[in-house]
Amino acid sequence: MGSMGMPYGLQAMLKEGHKHFSGVEEAVMKSVEACKAIAKCTRTSLGPMGLNKIIVNHLNKVYITSDAGTILTELEVQHPAAKLLVHAVKAQQQEVGDGANMVMSFGGELLLKAESLLRDGLHPTEVAEGYVKASQKALKLLEDIVITDSKSLDFNNVDEIAERLKGALKSKQNGYEDYLAPLVAQACVDICPDNRNNFNVDNVRVSKLVGGFVDQSQIIQGIVIRRNVEGTVSCVENAPVAVFSQGVDTSSTETKGTVLIKSAQELKDYHKSEEKELEQIIKGIADLGTKVIVSGSSIGEMAMHFIERYKMMAIKIPSKFELRRVCRATGAQAIPKFIVPGKEQLGMAQKLEAIEIGGSKVTVIKQDRRVGKVATIILRGATDHLMDDMERAIDDGVNTFKALCKDARILPAGGATELALSKKLLEYGRKQTGLEQYAIQKFAEALEVIPCTLAENAGMNTTDTMSALRAQHAQGNGSIGIDSVTSEMTDLGKQSITDLFYTKYWAIKFAADAATTVLRVDQIIMAKQAGGPKRPQGQ
């Protein structure tokens with residue numbers, strides 16, 4: 001009789017305080033609800049007329065942005081199924097760097113459509129298999145929608161590249177794309193290596209300086225350091241550069257030692273010997289022809305005195321990442337100890353000068369593109385938040401260029417691709433036998449969420465717009481999409497606004513993968529969270 005009060009089954013196995021959900025109603029439907037909620041959150045930010053979100057993260061940092069990648073990175077999503085969609089978005093950011101909102105909106109819509117099928121009595125596995133089949137077919141059909149003759153692209157023609165980048169930049173910063181596209185295109189073309197597949201996104205830097213207008217932004221072939229030089233030498237040309245990752249000062253010994261000084265004369269001699277050693281090192285550096293010393297830490301006053309005596313420029317860069325970029329731009333090797341370097345460890349810079357931009361003193365390292373393939377876009381703007389968002393748009397533009405290097409094909413924009421794909425998939429679904437056909441049709445319907453959301457965010461009547469758009473596509477005008485800015489239906493290709501095949505391909509793939517993974521979950525078991533009682537909110 002003593003065993004009457006004992007838990008049994010799963011309850012007996014797991015620790016007290018765990019949570020357990022199982023079955024279609026509890027596990028699958030709850031997961032779908034969570035994913036729908038998070039997709040709804042980012043949907044309103046889709047497209048050029050998308051709305052901004054204000055996000056205050058756990059460190060009280062404020063973000064004002066419509067970039068889905070940033071929004072979802074800063075939101076600390078707890079629900080395990082919603083996290084799957086967030087991981088799909090992060091995968092899209094890493095693979096392509098753009099199209100994060102499409103992954104979220106489309107993934108959420110797929111689960112919304114799956115919900116009605118599950119309520120009709122279909123098994124989650126059947127829906128998931130139908131979605132897998134539909135996504136494979138969709139990726140094949142996507143190649144038929146590609147704009148003809150778009151595979152060839154002259155990667156040295158800045159104007160041609162700028163035209164391809166406009167779509168990605170306009171969706172993030174509507175109205176500024178005509179300023180930003182040529183800037184980003186020029187920066188990318190300048191540093192693009194001979195083998196385009198090796199293009200490194202990190203080599204296009206953005207330096208934000210408050211003040212002025214966006215159209216006063218400029219490109220510098222090299223690096224901009226947001227610090228003034230340390231000494232009086234403020235401009236050198238064709239300068240050998242020595243980079244020290246430690247401080248430029250008298251070297252302290254590795255082990256702790258005690259110096260016993262018995263008289264004032266000995267103290268004077270000790271200081272003199274230290275000075276003499278420091279001068280010898282700096283004279284040795286100057287004798288190599290070095291004109292610039294870059295320090296990763298502090299520069300001592302005595303060292304500064306000798307650097308000035310030998311008419312060298314001194315720059316202090318506390319950030320080790322910035323120091324690495326300087327090494328990459330100049331071809332120098334970072335020396336971990338303050339000693340006279342070998343000739344081969346020195347780098348070379350075409351010109352270094354300290355200039356003032358909008359009240360901020362900066363040091364500019366200009367470089368011949370054959371040596372250091374690094375370009376910096378100096379971004380001007382009224383507020384920090386505006387420039388942060390501009391920087392995200394530029395990042396998307398640079399990532400789009402990287403995607404173009406891999407696959408230059410383009411697709412019609414403004415939801416035209418999704419609607420054309422939806423039409424073809426519906427036809428394919430009708431020819432299928434078995435229960436999968438319902439899932440394929442729902443997959444096709446889910447694709448319409450993109451044009452529908454673009455219309456909704458632009459303040460258009462979605463029902464009328466979608467029926468008119470379907471009518472245009474039925475007549476064979478497959479490139480007609482929604483222009484969110486003018487609230488009209490038009491071929492956006494005429495305005496040089498297109499979508500990348502590479503972006504769409506991965507977005508559909510990641511969204512479908514995430515949705516099918518969520519549908520295949522039938523139990524959620526959560527262990528008791530570690531740690532003591534949580535502090536109440538608001539304290």
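Numbers for residues simply follow the sequence, beginning at 1. Computed from heavy atoms alone, side chains included, the values below leave out hydrogens, waters and symmetry copies.
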Inset, instruction - In sequence, state the C-alpha distance, the side-chain angles, and the governing distance for Glu95 and Tyr502, and then conclude on side chain to side chain donor-acceptor pair (under 3.5 Å). - result: CA-CA 10 Å; Glu95 182 63 43; Tyr502 193 76; 2.7 Å; yes
Inset, instruction - Only counting residues at least two apart or in another chain, list the ones meeting ring pair (Phe, Tyr, Trp, His ring centres under 6.0 Å) with Tyr505. - result: Phe501
Inset, instruction - Run the numbers on Glu177 and Lys166 for salt bridge (charged side-chain N to carboxylate O under 4.0 Å, His left out), then give the verdict. - result: CA-CA 6 Å; Glu177 70 276 3; Lys166 268 188 187 174; over 6 Å; no
Inset, instruction - Considering only NZ, NE, NH1 and NH2 on the basic side and carboxylate oxygens on the acidic side, decide whether Lys36 and Glu33 come within less than 4.0 Å. - result: yes
Inset, instruction - Report yes or no: does Arg205 contribute a side-chain atom to a donor-acceptor pair with the main-chain N or O of Ile377 at less than 3.5 Å? - result: no
Legend entry - All pairs passing salt bridge (charged side-chain N to carboxylate O under 4.0 Å, His left out) where residues 374-396 contributes a residue, at least two apart: Lys172-Asp396, Lys208-Asp388, Lys208-Glu391, Asp389-Arg392
Legend entry - Shortest non-hydrogen separation from Asn174 to Pro48 and the atoms involved: CB-O, 3.7 Å
Inset, instruction - List the atom of Ser45, the atom of Ser66, and the distance in Å for their closest heavy-atom pair. - result: CB-O, 3.5 Å
Inset, instruction - Give a yes or no answer on whether the side chain of Tyr428 reaches the backbone of Leu141 with a donor-acceptor pair at less than 3.5 Å. - result: no
Inset, instruction - Tell me, with the steps shown, if Lys61 and Glu74 meet salt bridge (charged side-chain N to carboxylate O under 4.0 Å, His left out). - result: CA-CA 10 Å; Lys61 188 168 190 262; Glu74 294 309 322; over 6 Å; no
Legend entry - Under 3.5 Å side-chain donor-acceptor pair for Arg328 and Asn203: yes
Legend entry - Gln432: which of Lys137, Gln437, Lys133 passes side chain to side chain donor-acceptor pair (under 3.5 Å): Lys133
Inset, instruction - Walk me through it: do Lys140 and Glu143 pass the test salt bridge (charged side-chain N to carboxylate O under 4.0 Å, His left out)? - result: CA-CA 6 Å; Lys140 283 179 189 165; Glu143 301 196 4; over 6 Å; no
Legend entry - Check: Gln92 side chain, Asp98 main-chain N or O, donor-acceptor pair, under 3.5 Å: yes
Legend entry - Check: Val326 and Ile317 side chains under 4.5 Å, non-hydrogen atoms: yes
Inset, instruction - Answer yes or no: are there more than 12 heavy-atom neighbours, outside Phe199 itself, under 6.0 Å from its atom CZ? - result: yes
Legend entry - Backbone N/O of Pro412 and side chain of Thr417: donor-acceptor pair under 3.5 Å: yes
Inset, instruction - Tell me whether the centres of the aromatic rings in Phe443 and Phe106 are closer together than 6.0 Å. - result: yes
Inset, instruction - Ignoring hydrogens and angles, tell me if any N or O in the side chain of Thr490 forms a donor-acceptor pair with the backbone of Leu492 under 3.5 Å. - result: no
Inset, instruction - Could you tell me which residues satisfy side-chain contact (heavy atoms from CB on, under 4.5 Å) with Leu426, sequence neighbours excluded, listed by chain and number? - result: Ser422, Arg430, Gln441, Ala444
Legend entry - Flag, side chain of Asn399 to backbone of Gln93, donor-acceptor distance under 3.5 Å: no
Legend entry - Check: Arg164 side chain, Ala408 main-chain N or O, donor-acceptor pair, under 3.5 Å: yes
Legend entry - Worked check of salt bridge (charged side-chain N to carboxylate O under 4.0 Å, His left out) between Lys442 and Glu445: CA-CA 5 Å; Lys442 290 290 181 191; Glu445 285 170 28; 3.8 Å; yes
Inset, instruction - Specify the closest pair of heavy atoms between Arg43 and Ser105, including all atoms of both residues, with the distance to one decimal. - result: CG-OG, 3.4 Å
Legend entry - Verdict with reasoning, Asn57 to Glu76, per side chain to side chain donor-acceptor pair (under 3.5 Å): CA-CA 8 Å; Asn57 72 358; Glu76 291 188 1; over 6 Å; no
Inset, instruction - Would you please test Glu448 and Leu419 for side-chain contact (heavy atoms from CB on, under 4.5 Å) and show each step? - result: CA-CA 6 Å; Glu448 292 184 3; Leu419 206 64; 3.7 Å; yes
Legend entry - For Ile161 against Ala185, the heavy-atom pair lying closest together: CG2-CB, 3.8 Å
Inset, instruction - Indicate yes or no: at least one non-hydrogen side-chain atom of Lys170 is less than 4.5 angstrom from one of Val485. - result: yes
Legend entry - Under 3.5 Å donor-acceptor, His385 side chain and Tyr63 backbone: no
